[in-house]
Structure formats: C-alpha cells, structure tokens
6 protein chains.
Amino acid sequence: MKISLGRLAILISILSEKERERMMETGKQEGYRICTGKVGTMNAEKVISAVMTAAKRENLWDAESFREEHALYDATVEALSGICRGQLVLSEVQRTVGLFFTVVRGQMHHTKGDWIAVCLYGTIGAPIKGFEHETIGLGINHI
Amino acid sequence: MKISLGRLAILISILSEKERERMMETGKQEGYRICTGKVGTMNAEKVISAVMTAAKRENLWDAESFREEHALYDATVEALSGICRGQLVLSEVQRTVGLFFTVVRGQMHHTKGDWIAVCLYGTIGAPIKGFEHETIGLGINHI
Amino acid sequence: MKISLGRLAILISILSEKERERMMETGKQEGYRICTGKVGTMNAEKVISAVMTAAKRENLWDAESFREEHALYDATVEALSGICRGQLVLSEVQRTVGLFFTVVRGQMHHTKGDWIAVCLYGTIGAPIKGFEHETIGLGINHI
Amino acid sequence: MKISLGRLAILISILSEKERERMMETGKQEGYRICTGKVGTMNAEKVISAVMTAAKRENLWDAESFREEHALYDATVEALSGICRGQLVLSEVQRTVGLFFTVVRGQMHHTKGDWIAVCLYGTIGAPIKGFEHETIGLGINHI
Amino acid sequence: MKISLGRLAILISILSEKERERMMETGKQEGYRICTGKVGTMNAEKVISAVMTAAKRENLWDAESFREEHALYDATVEALSGICRGQLVLSEVQRTVGLFFTVVRGQMHHTKGDWIAVCLYGTIGAPIKGFEHETIGLGINHI
Amino acid sequence: MKISLGRLAILISILSEKERERMMETGKQEGYRICTGKVGTMNAEKVISAVMTAAKRENLWDAESFREEHALYDATVEALSGICRGQLVLSEVQRTVGLFFTVVRGQMHHTKGDWIAVCLYGTIGAPIKGFEHETIGLGINHI
C-alpha cells in the first residue's frame with residue numbers, strides 16, 4: 001500500500017540520516033516530490049522563509065504562481081502553529097527552535113490534483129543548551 | 001543510542017500495527033512506560049479524557065496525585081493544540097477527528113525525574129467520509 | 001476595470017436589496033459565480049454549514065471534491081474569524097450573530113485557476129434586541 | 001490616598017469574608033459602586049451571565065443602555081481571558097471553575113466619566129475535588 | 001434612512017476615489033465625523049499608530065482623554081484582528097499589508113453618546129508584488 | 001489557617017510597600033520561598049527574563065535543572081497571558097507595561113512536592129503617561 005502524504009513527511013523528518021535516505025527513495029518511487037532542510041532560529045518568519053525557499057529551489061512549487069505560494073505558505077504556518085502550540089511567536093516568549101523540515105508534494109487518497117505537506121520536527125526551548133524538548137508540527141493543504 | 005521520548009511517542013503513533021508492537025517492545029526495554037489508544041470524536045474534551053483515562057488504567061500516572069494529573073493534562077492540551085492548530089475547538093468549527101494516541105513516560109537527556117509525552121496522530125476534517133487529511137500533535141511536560 | 005473578487009463579495013453583502021441585485025448582475029457578467037444567504041445563530045458551526053450548503057446548492061463547489069470542500073471551508077473559517085475577532089466561539093461567550101453572507105468564485109488578477117471569497121456581514125451582540133453592533137469578515141482561498 | 005479601581009476589585013475578591021466587608025465599606029466611602037457574587041461552572045457563558053446579572057441587580061449598569069452593556073461585557077470577557085489563559089473555553093478542555101467575582105464602578109485617575117473593573121478569582125482544574133489550583137482575571141473598561 | 005456607522009466605514013474604505021468623496025459628503029451631512037488614510041507595512045503597530053494619529057489630527061478623539069484613546073485603540077485592534085485573522089502578528093509570519101483605513105464617529109441606533117468604527121481594507125500577502133489577496137477588518141466601540 | 005500559594009503571590013504584588021514586607025515575613029514563616037521585582041517594557045520577552053533571572057538569583061529554582069526552568073517558564077507565560085489577555089504580544093500592538101512581580105514556591109493543599117506561583121501586577125497601556133490601566137496575571141505550575 002502506498003504510504004500516505006502526511007506519514008511520509010513525518011517519517012522523513014524524524015528518522016535517522018540513513019533511514020531517512022531510504023524513506024526518501026521509497027517516497028520518490030511512489031511519485032512524491034520531496035525536499036528537506038534545517039533551520040535554527042528565534043524568529044518565526046525565518047522558519048517560514050527557510051521552508052519556502054528550499055521548496056522553491058527543489059521546484060516543489062512554481063515560483064511564478066501566487067496560487068502555489070499561497071498553498072505552501074498556509075501549510076507552513078499550520079505546521080509552525082503546531083510547533084508554537086497556539087501563538088505564532090518565538091523570540092517574543094524567549095523560545096528558540098532547532099528544526100528539521102520536510103516538504104512533500106503529491107496525491108492524497110487518489111483525489112485529482114496535488115496536495116502539499118510540511119512537517120517541522122526538532123526542539124523548542126530556552127536559549128540555553130539542553131533546556132529544550134522535542135516538538136512537531138504538520139500542515140497539509142491542496143495546491 | 002537510546003531513542004528519545006518524543007520520537008518514540010511519534011513513531012508508535014504513526015507506524016503500522018506490526019511495526020508498532022516491535023517499537024513498543026524496544027521502548028519498554030529502554031525503560032519507558034507506554035500506553036496507546038484510539039478516539040474518534042467532534043468534542044475536544046473527549047480526546048483529553050480518552051488519553052487521561054487510558055494512561056491512568058496503565059498506571060502511567062498516579063491517580064491520587066494532582067501534581068501528575070496536572071502534568072499529563074497540560075501535555076495533552078498541548079498535543080491537542082497541534083491537532084486543532086491554534087483554536088481548541090472541534091464541533092464549533094464543524095471538524096471531526098479520528099486519532100491514535102500514545103503516552104510515553106520516562107527520562108529525557110539523563111535528567112533527574114520523569115517527563116511525559118503525548119502524541120496524537122490521525123485525521124481531521126469535515127464529518128463526511130474521505131473529506132479529511134492527516135494531523136499530528138505532540139505535548140511534553142515534566143511529571 | 002473588472003471589480004475585484006473580495007470587493008464584489010463585500011459590496012453584495014452590505015448593499016441594500018435593490019443595489020445588491022444590480023451588483024450581482026454586474027458580477028455575473030464579469031464571469032463570477034455568486035451565491036448569497038442569511039444565517040442567525042449562537043453556534044459558530046451553523047454559520048459554516050449555512051455557507052457551505054448554500055454554495056453547494058448553487059454549484060459554486062463540486063460536492064464530490066474534498067479539494068474544493070477544503071478550500072471553501074478554510075475561507076469560511078477565515079471569514080468567521082473576522083466576525084469573532086480571534087476566538088472561534090459564539091455561545092461560549094454569550095454572543096449571537098445575524099449575518100448575510102456572499103460567496104464569490106472566479107479569477108483574481110488574471111491568475112490561472114479559480115479563487116473563492118466568503119464575506120459575512122451583519123450584527124454581533126448579546127442575545128437582547130438592539131444590544132448588538134455591525135461586524136464583517138472576509139476569507140479568500142485558492143480553489 | 002484613594003485606593004485604585006483595579007486593586008480594590010482584586011482585594012475584595014481575594015480577602016477573607018470579614019476583611020472583605022470592611023474593604024467594601026472603604027470602597028463605597030470613596031465613591032465606588034460595588035457588587036460581588038459567586039459562580040461555579042464548566043460553561044464560560046455562565047460566568048459572563050452571572051457577572052452581568054449581578055451587576056444589573058445592583059444597578060452598576062443601566063439595563064436600558066447598550067453602551068453600558070457593551071462596556072461591562074468586554075471587561076468581563078477580558079477577566080475571563082485571564083482565567084482561561086488565552087482560549088475562551090472551559091468544558092471543551094475539561095476544565096471547571098469555582099469563582100468569586102467583584103465588579104467595581106467609579107473614577108480612575110481623576111478622569112472624567114466612569115470606568116468599570118471586573119475581577120474573577122478562584123480555582124480552575126479538573127472536575128475532581130482537590131485537582132485544581134488558583135486563578136485570577138481582571139478586565140477594565142470605560143463605561 | 002440614515003446609513004449605519006459600520007456600513008459607512010466599510011463603503012468609504014472600499015469604493016473608488018470618486019465615489020468615496022461622495023459617500024464622505026453624505027456621511028458628514030448625516031452628522032458623522034470621518035477621517036481616512038493609508039498605511040503599508042509589515043509591522044502591526046504601525047497600522048495602529050497610523051489610524052490613531054490620523055484620527056487625532058482630524059479631531060475624531062480628544063487627545064487629552066485616556067477614555068477616548070482607550071475606545072479607539074480597542075476598535076483599531078479589533079479591526080486589525082480581522083485583517084490578521086486571529087494572530088496579531090505580521091512580520092513574524094512574513095506577511096505585509098497595504099491598507100486604506102476609515103474612522104467614523106457618531107451615533108448608532110439613536111442611542112445616547114457616540115460610537116466609533118474603524119475599517120481597514122486592502123491586501124495582505126507575501127512581500128512579493130502580486131502575491132497578495134484582499135482583506136478587511138472592522139472594529140466598533142463606544143466612545 | 002495557612003495562606004494559599006496564589007493568594008500570597010497576589011497580595012504581595014498589590015499591597016503597599018509597608019504591608020508587603022509584613023506579608024512576605026508571614027509567607028516565609030509559613031515555609032514559602034519568595035522573591036519580588038519590577039519590570040517596565042514593551043517587550044514580552046523582557047518580562048519573562050526579568051522574572052526568571054530574579055527567581056534564579058534568589059534560588060527559587062535550580063539553575064542546573066531544565067525541569068525547574070520548564071516549570072517556572074510555563075507559569076510565567078501563563079501569568080503574562082493574563083496581562084496580555086490572549087495574545088502574547090506587547091510592542092506589536094503598541095502596548096507598554098509597568099509591572100511588579102512576585103514568585104512564590106512552596107506546598108499547595110498538603111500535596112507532596114513543590115508548586116510555583118508567578119503573579120504580575122501593574123499597568124498596561126499606550127506609551128503615553130496616564131494612558132494606562134491596571135492589569136494582573138497569575139500562573140501556577142508544579143515544580
């Protein structure tokens with residue numbers, strides 16, 4: 001059975017490096033387009049721009065299309081909302097994040113047209129080494 | 001290397017049934033206490049009570065201790081906030097969820113004292129079959 | 001010059017009955033698909049279902065398509081968020097609304113593919129006659 | 001020096017019964033109009049209606065005036081927001097409250113016209129005896 | 001029939017320049033005090049200060065009165081909340097706005113005392129030309 | 001009867017200087033550890049760091065322990081949420097605060113283990129002298 005869009009984005013984000021590569025291969029063979037990256041910051045907007053820039057570079061969305069930008073932007077903000085648990089602020093509440101992100105584009109339940117999933121996984125905490133715990137966020141939108 | 005608290009809770013929540021059992025075995029051997037369950041509802045409070053009741057039955061928290069109830073409650077609400085992406089409401093915005101949940105209790109980075117992780121994973125959408133997409137939420141607290 | 005998607009949805013919602021009909025004619029001639037309706041309630045979910053049902057009846061979205069349902073749902077929740085100013089709750093904070101709504105589907109800035117706008121306009125207040133003031137909300141999404 | 005509007009509302013809410021009566025006397029001599037009451041509930045709207053009804057019975061606001069209703073309503077919702085810490089929901093997140101409330105109307109810093117303060121103080125927690133901690137909220141508005 | 005406070009603020013904000021002037025004339029003849037302006041920014045606070053400064057310059061509120069400042073401030077934040085749809089942040093989520101604003105002061109339903117309406121209308125989107133859609137927000141308060 | 005954790009934190013925050021000292025003495029005799037301080041700022045993060053730094057200096061929490069940092073951080077953010085009434089932003093909405101804060105650590109209802117209470121009390125308003133009103137926030141967590 002084909003792996004689902006969201007589960008694929010989550011698995012790639014949380015697996016160890018070696019397993020991740022294998023999972024990305026599997027995903028691509030099933031027809032998904034995938035990109036990954038890392039971002040460490042106290043500024044919520046840097047998370048958003050890191051995701052969108054990486055996904056543009058890998059051609060996961062058409063940089064000429066506001067429609068596609070809008071779809072990915074909303075998915076990214078939804079993922080970020082899971083990380084921040086409600087309030088879209090980081091430095092304002094003295095929090096810093098270190099995140100691995102995965103963007104996956106492809107079909108969902110045999111529907112027509114593509115969907116896009118953004119998964120953010122890593123740590124959130126005080127700007128003091130070790131004073132942090134894990135966090136995850138997932139956003140999915142039609143594109 | 002020992003698997004981390006949050007990653008363990010996420011993996012158990014998203015893996016297939018067979019892999020899940022193996023992962024739970026691994027987790028228990030590493031000293032974690034784990035429980036899982038399912039809940040499908042349009043009422044946010046039913047997600048909270050399903051998680052807390054299952055974790056009580058499996059002795060993941062001491063039902064006599066407000067301290068432990070408070071710790072798990074906050075972790076569960078944080079996980080729910082990831083599912084709802086900001087607003088802690090479901091039926092009020094015509095959303096229904098079908099979730100698998102995992103609660104894991106144990107050590108985090110060799111710190112003294114236990115931490116607790118709650119992971120919710122499943123689908124959110126309209127109350128119409130197939131009109132839903134995946135969602136995940138994770139809450140972590142000291143207990 | 002063609003009237004823009006959002007302005008059209010707002011104008012139809014706030015004009016008097018006679019002007020409204022003329023504006024709807026103008027909008028349709030410019031290629032937009034339009035539907036309108038009314039809803040008075042203390043339950044936020046009834047606003048959402050009133051909008052989605054009316055728009056389905058008028059074929060503004062394809063009832064077989066989760067993609068289109070997802071697009072309209074998000075636009076409706078965004079409009080509702082403007083009405084509630086932040087918290088997606090009505091009866092929980094003793095507020096009642098009496099709303100006229102307009103859904104418009106069509107092109108935005110000569111982009112490819114359709115967009116959908118939902119405008120809610122009316123009154124919000126205590127459940128006491130006259131103890132209410134005007135409120136408006138607009139949501140726009142790609143569909 | 002005259003006691004300030006907010007401090008008076010807080011003190012009356014948190015003092016023991018005997019001290020409270022003395023404080024209410026002091027406040028009234030300084031020209032404030034004051035009313036108090038209790039409410040225990042899982043429904044946020046019941047807190048709002050308890051405060052507004054008590055304040056109407058004691059003539060702290062003019063029941064014919066939407067203007068005054070609007071002023072007190074907003075102050076009450078602000079106080080409730082402090083109790084709920086962000087999300088205006090109680091039963092939806094399995095929380096119950098037991099609150100003492102105080103409404104004070106009068107002058108603030110020698111400005112012209114009255115202001116109104118609503119203070120809510122008590123406990124919030126699970127619907128299990130003893131599984132609760134203290135909470136406070138204060139809302140202030142011009143009336 | 002007299003045009004209502006909120007509808008007037010909305011119409012002035014969304015009409016073309018020529019129609020706007022006519023509408024402002026009509027509003028003033030009906031006894032309303034009106035001011036308008038523009039603001040383009042990524043900082044939410046600049047929207048607030050632009051509205052308050054313009055309204056002060058046109059004497060829509062008494063700059064010596066905290067009471068009137070408080071009334072207009074709350075109405076402006078409510079309007080902004082409609083623009084941002086929930087979270088009062090712009091640059092933190094990489095959004096930029098280009099807004100036309102209208103402030104109207106006057107009577108509402110023959111009640112005693114004035115009310116104030118703030119309408120913000122324009123575009124919100126990525127800081128890239130054309131990657132934006134329309135948005136509106138309205139706040140109303142007693143003053 | 002022993003004074004409760006939250007009421008003690010509130011009283012110390014709102015009393016006059018002389019009464020405050022007496023109340024702190026009473027609290028310490030009952031076994032509580034207490035620290036106080038002041039912070040005036042437009043940046044929410046400065047409130048958080050002022051509270052945490054003062055409490056660290058007075059040994060109310062163990063600076064080596066992420067567990068204790070996590071407990072106090074969450075209590076402080078909850079208190080701040082009461083001050084901001086929902087949105088954890090200050091300068092973004094042109095608000096400035098002048099706060100007195102109290103942190104109290106000790107037992108709650110004879111439960112095992114300590115709890116920590118953070119109370120913030122002072123004024124919030126425009127950055128104009130006199131254009132401000134009182135505000136209070138309280139956060140309580142197990143530590």
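Order of the sequence lines fixes the chain letters, A, B, ..., with proteins taken first and strands second; residue numbering starts at 1 for each chain. What you see below is based on every heavy atom in this structure, not just the backbone, and it leaves out hydrogens, waters and symmetry mates.
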Contacting moiety of F:Glu68, where chain A heavy atoms sit under 4.5 Å: neither
Non-hydrogen side-chain atoms of F:Ile136 and F:Cys119 separated by less than 4.5 Å: yes
Heavy-atom cut-off 4.5 Å, strictly under: side chain, backbone, both or neither for A:Val93 against chain F? both
Any donor-acceptor N/O pair, A:Arg95 side chain to A:Gly125 backbone, under 3.5 Å: no
Between F:Tyr73 and A:Gln94, does any side-chain donor sit less than 3.5 Å from a side-chain acceptor? no
Non-hydrogen atoms of chain F under 4.5 Å away: do they reach the side chain of A:Gln87, the backbone, both or neither? side chain
Working to the nearest 0.5 angstrom, can you tell me the gap between A:Leu138 CG and A:Ile10 CD1? 5.0 Å
Over 60° means perpendicular and under 30° means parallel, so tell me whether F:Trp115 and F:His142 are parallel, tilted or perpendicular. perpendicular
Using a cut-off of under 4.5 Å for heavy-atom pairs, which of F:Leu90, F:Leu88, F:Val89, F:Ile48 has the most such pairs with chain A? F:Leu88
Side chain from CB out, backbone as N, CA, C, O: work out which of these in F:Ser81 comes under 4.5 Å of a heavy atom of chain A, or both, or neither. neither
